[in-house]
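Residue numbers begin at 1 in each chain, while the letters A, B, ... track the order of the sequences. Only this structure's heavy atoms are used, side chains among them; waters, hydrogens and symmetry mates stay out.
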Amino acid sequence: MNVLEGLNPDQRKAVETVEGPLLILAGPGSGKTMVITHRIAYLIKVCGASPHSILAVTFTNKAAREMKERLYHLLGSTVEQLSLGTFHAVCAAVLRREGRAIGVNPSYVIYDDGDQLNLIKRSLQELGIDPKTYSPRILQTAISAAKVQLLTPEDYGQRTRSYFDEVVRRVYQQYQMLLVQSQALDFDDLLMRTYQLFQGHPKVLTRYQSRYAHVLIDEFQDTNLTQYALARQLAGKYRNICVVGDPDQSIYSWRQADIRNILNFEKDYPEAQTVCLEQSYRSTQTILEAAHDVVSVNRERKESKLWTDNEAGPPVMVVEVYSEFEEAQFVVREIGDLVDRGDVRPIDCAVMYRTNAQSRVLEEIFIRYGIPYQVVGAVRFYERREIKDLIAYLRLIYNHHDDISLMRIINLPPRGIGQRTLTEFLQWTKTLGIPLYTGLERMTEDRSLCPLNDRAVQMLSNFFNLIRDLIERSEELDVRDLLDSVIKLSRYREYTMEFADGEERWGNILELRGIAQDHQNLKPRESLASFLEGVSLFSETDELDEKKDLVTLITLHQAKGLEFPAVFMVGMEEGILPHFKCFDDPAQMEEERRLCYVGMTRAKKRLYLVRTLRRSLMGGTSANPPSRFLRDIPRHLVKHVDVFEGVEVAPPVDARSLMIEVGDRVQHPKFGKGVVVSCNSIRDDCQVEVSFQDVGMKRLLLSLAPLERVEE
DNA sequence: GCCTCTGGATTTTTT
DNA sequence: ATCCAGAGGC
């Protein structure tokens with residue numbers, strides 16, 4: 001198959017220009033992904049490049065996986081040799097292999113956001129700084145910003161200007177010391193340490209430079225300074241570096257992404273060629289036009305405009321309702337109508353919002369109306385307590401220097417190690433400057449070494465023996481069997497079941513066990529390592545289910561790169577989109593605008609912009625004016641809808657949820673007639689199972705489902 | 001040491 | 001509205 005087939009002239013140029021630096025500016029729907037995959041295929045098939053010599057970096061693991069699949073289809077063979085992944089994943093792999101050179105233990109663990117925060121809190125404690133005066137969150141951002149600029153604590157000290165800077169420096173230093181002691185790397189370290197490795201060890205760098213004859217970076221507008229520095233290092237020998245991006249879709253500056261990278265690219269590679277992909281194959285003319293009119297208000301922007309051969313399509317629907325409940329109801333009904341008319345299937349629809357908190361009401365209403373949906377990343381699987389606990393066990397087993405994990409589980413399930421014991425134990429290890437696990441080991445060997453009372457020492461030793469036992473077992477068991485041992489020996493299952501939602505938690509644990517199962521058939525140690533790495537670098541968009549016929553509920557940020565025939569953007573209000581935290585900063589406001597642009601351009605055919613007059617936020621209610629972005633869409637592209645004028649809304653919950661019993665005959669607006677077969681009280685609500693005449697068994701929450709009892 | 005209660009913060013987005 | 005940390009009682 002010809003890899004140039006079906007490409008327009010610009011796309012073709014983007015694929016064929018394989019020598020020298022290349023900047024591809026690719027608007028939404030311009031076939032960017034196709035260009036990237038075809039380019040790689042072209043390199044391999046036409047130019048004879050070895051897959052081994054190609055490095056392709058994507059924004060998410062999911063994008064990497066999809067690219068692999070597409071390549072497989074294009075090339076008809078696997079591309080095992082190809083380096084393809086996120087910057088973080090690529091760096092993680094490099095550091096496992098080469099980290100020793102800069103003192104990184106190959107068995108390092110990766111600390112996520114929450115671990116980081118814990119470590120910062122501990123740093124504050126050790127430094128005697130009040131976390132109320134200096135919020136750990138803000139310090140975390142400051143430290144991350146420093147790392148992305150490749151500043152060590154010492155470097156940072158050179159440029160402190162204010163007392164706050166000085167605090168940051170001290171916390172950064174302490175935090176970094178603790179990280180090193182825990183043999184842990186945070187997300188920023190993965191990048192920064194790899195950079196340092198290359199910088200300090202030219203031989204290693206040369207090896208990688210010689211390997212990677214072709215470097216390709218996707219979503220370049222959302223890379224940070226370190227990532228670009230790494231890309232430059234790696235492409236240093238051949239200078240065949242191709243970056244693909246769209247400045248209008250830059251929405252991650254808060255995560256230190258730096259749009260200057262695009263400008264610097266042209267400075268750093270003056271010989272660079274540029275290709276603009278301006279034909280959109282995704283959206284209708286109407287949607288494209290409306291989106292352009294929103295984003296082109298930005299001042300810090302290079303003008304570029306997409307065009308399309310697609311039809312004009314229906315107008316953009318701007319919908320006004322009175323509350324967030326009606327907002328959700330509108331979405332649900334409209335999707336229902338579209339589906340009934342045969343226009344779309346649920347899987348073709350997405351509801352997009354600015355903040356995760358907005359998904360709650362939507363979910364409620366989706367459940368009530370029985371519309372199948374999936375929420376991307378709201379309650380993150382790996383953020384769940386029971387999952388984090390068990391992963392902490394595994395991490396500690398993998399690397400017993402990992403103090404954060406140890407602290408997390410030292411008394412989980414409760415084993416008689418209280419605050420007092422802990423404080424004294426921490427104090428003791430700190431004076432000796434040893435990791436906690438080593439402290440436990442020493443105290444178990446010789447009780448007289450430490451100043452704690454007998455009972456405390458006994459409890460701590462019990463914990464030590466448990467972990468030591470598990471470490472021993474880990475030498476022979478793969479990760480799933482190891483996980484089983486952890487659960488068994490720590491009595492975690494019994495502990496879990498004590499909770500009201502124990503069953504659900506246990507279900508999550510079984511799911512984790514299933515994931516562990518995917519890392520079998522490796523040597524025990526590798527099995528554990530591969531599992532932990534997967535878990536650390538996992539992102540929620542990765543698990544978006546594309547097979548089941550479900551409506552997608554998703555944040556605007558996560559929606560980047562996706563497309564849907566019908567898109568509902570909800571919360572189009574001042575304070576939500578744009579978010580009020582951005583009001584006083586023009587640069588952030590421009591980013592909000594781009595975020596709006598990203599959302600709008602996800603739509604292929606139908607776009608709904610919904611706003612509500614009143615919205616409850618953190619307890620109180622507020623009335624927000626319509627989003628300024630709505631004003632920027634010309635009227636001839638829009639149709640206004642005032643949906644709930646005179647339309648009945650669902651009756652208040654308590655009026656109808658009274659007294660439903662097993663055997664009652666009920667009526668549901670969507671499902672029709674049915675019989676209640678079971679009633680289970682959940683907290684102050686009641687979950688009922690109803691056998692419907694037409695659609696079979698459904699499980700519903702009484703407070704949410706518009707069920708009515710009918711007499712027979 | 002462990003459980004429960006209260007007050008305060010907290011929600012922008014995530015590799 | 002919900003989650004968390006710290007205080008106080010058992």
Original post:
Where each residue is assigned the nucleotide of DNA chain B containing its nearest heavy atom, which of A:Thr86 and A:Cys582 is assigned the position nearer the 5′ end?
Top reply: A:Cys582
Subject >> Residue mapping more 5' on DNA chain B - nearest nucleotide basis, A:Thr421 or A:Phe187 >> reply: A:Thr421
Subject >> pi-stack flag for A:Tyr252 and B:dT13, centroid dist under 5.5 Å, interplanar under 30° >> reply: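 One would not call A:Tyr252 stacked on the B:dT13 base.
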Rounding to a whole Å, what distance do you find between [X]:[atom1] and [N]:[atom2]?
X	N	atom1	atom2	answer
A:Asn356	B:dT11	CG	P	12 Å
A:Leu117	B:dT14	CG	P	16 Å
A:Ile410	B:dC2	CD1	P	12 Å
A:Arg420	C:dA7	CZ	P	15 Å
A:Lys581	B:dT13	NZ	P	10 Å
A:Met352	B:dT13	CE	P	16 Å
A:Leu230	B:dT15	CG	P	19 Å
A:Gln249	B:dT13	CD	C1'	16 Å

Under 4.0 Å between any heavy atoms, over every strand shown, what does [X] touch: base, sugar-phosphate, or nothing? Just pick one.
X	value
A:Ile417	sugar-phosphate
A:Arg455	sugar-phosphate
A:Asp188	nothing
A:His579	sugar-phosphate
A:Gln358	nothing

Side chain of [X] - closest among [options]:
X	options	result
A:Lys121	B:dT14, B:dC2, C:dA5	C:dA5
A:His557	B:dT13, B:dT15, B:dT11	B:dT13
A:Trp254	B:dT13, B:dT15, C:dC4	B:dT13
A:Arg255	B:dT14, B:dT13, B:dC2	B:dT14

Phosphate OP1/OP2 of [N]: any [X] side-chain N/O under 4.0 Å:
X	N	value
A:Thr60	B:dT15	no
A:Gln558	B:dT14	yes
A:Arg615	C:dA1	no

Please work out whether the ring planes of [X] and [Y] are parallel, tilted or perpendicular, with thresholds of 30° and 60°.
X	Y	result
A:Trp428	A:Phe425	tilted
A:His557	A:Tyr252	perpendicular
A:Phe198	A:Tyr208	tilted

**OP:** Could you work out the separation of C:dG6 and B:dT11 based on their C1' atoms and round it to a whole Å?
**Re:**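 Rounded to whole Å, the distance is 23 Å.
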**OP:** Decide whether A:Glu363 and A:Tyr373 meet the rule of one side-chain donor and one side-chain acceptor closer than 3.5 Å.
**Re:** yes
Subject >> Atom CD of A:Gln458: over 12 foreign heavy atoms under 6.0 Å >> reply: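 Count over threshold, so yes.
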Subject >> Atom pair OG1/CG of A:Thr33 and A:Asp218 - distance to nearest 0.5 Å >> reply: 6.5 Å
